[in-house]
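If you read the sequence from its start, that first residue is 1, and numbering goes on from there.
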Amino acid sequence: DLDKVPMLALTGLKSTHSVGSGSFQDIRQAQLIAAGGLGWSKACMSDNSVMPMLKSAMHYAADKQAATHLAIPVDVLSSRTLPDSNVPRLKTLAERTEENE
């Protein structure tokens with residue numbers, strides 16, 4: 001149990017209109033990584049879901065002390081509509097331990 005560390009792996013995907021086309025390097029990363037045993041692995045296919053999915057991934061990683069994975073297509077990642085602030089803040093281990101006492 002001492003080797004459990006929360007981690008968030010971010011990977012890029014082809015643009016949303018290319019995903020699933022079967023073209024070169026078109027793989028379903030989230031399903032591939034989940035099949036390898038990762039409990040939380042998803043693909044974010046719209047700019048308005050980036051922040052909620054990041055928050056969900058971070059909370060899962062912190063709560064389960066596990067690795068998570070989020071794949072983001074290049075066009076979603078470069079979207080001008082992504083917020084610059086409101087990045088979720090996770091509680092520190094000390095804060096979480098204090099709550100559980």
Side-chain angles (χ1 to χ4, degrees):
D1 285 326
L2 295 176
D3 62 345
K4 293 184 178 182
V5 176
M7 179 178 72
L8 170 59
L10 297 172
T11 59
L13 285 175
K14 299 171 89 170
S15 61
T16 52
H17 67 276
S18 301
V19 172
S21 66
S23 61
F24 181 65
Q25 294 184 339
D26 184 26
I27 61 168
R28 298 182 191 281
Q29 290 181 18
Q31 290 89 343
L32 178 68
I33 292 172
L38 210 59
W40 199 105
S41 180
K42 302 183 186 219
C44 180
M45 301 306 286
S46 69
D47 55 353
N48 62 352
S49 63
V50 171
M51 294 311 290
M53 290 184 87
L54 274 173
K55 185 175 183 178
S56 178
M58 290 171 29
H59 281 288
Y60 184 96
D63 291 345
K64 304 286 187 187
Q65 294 292 294
T68 57
H69 165 253
L70 183 60
I72 307 173
V74 65
D75 56 326
V76 172
L77 191 58
S78 63
S79 171
R80 298 273 183 209
T81 60
L82 288 177
D84 291 330
S85 60
N86 295 330
V87 175
R89 179 192 169 276
L90 291 179
K91 294 179 181 177
T92 66
L93 181 58
E95 290 169 330
R96 290 188 5 224
T97 302
E98 189 175 288
E99 285 179 352
N100 293 330
E101 291 179 345

* Heavy-atom donor-acceptor pair, T68 side chain to S41 backbone, under 3.5 Å -> no
Hits for side-chain contact (heavy atoms from CB on, under 4.5 Å) against S49, two or more places apart or cross-chain, chain-then-number order -> C44, S46, M53
_Less than 4.5 Å apart, side chain to side chain, heavy atoms only: is that true for L13 and V76?_
no
With M51 as partner, the option from D47, N48, L54 fulfilling side chain to side chain contact (heavy atoms under 4.5 Å, CB included) is L54
Note to self: Is there a path of hydrophobic side-chain contacts, each under 4.5 Å between heavy atoms, that joins V50 and L10?
What the structure shows: yes
Closest heavy-atom pair, G39 versus Y60, reported as atoms and distance to 0.1 Å, is CA-OH, 3.7 Å
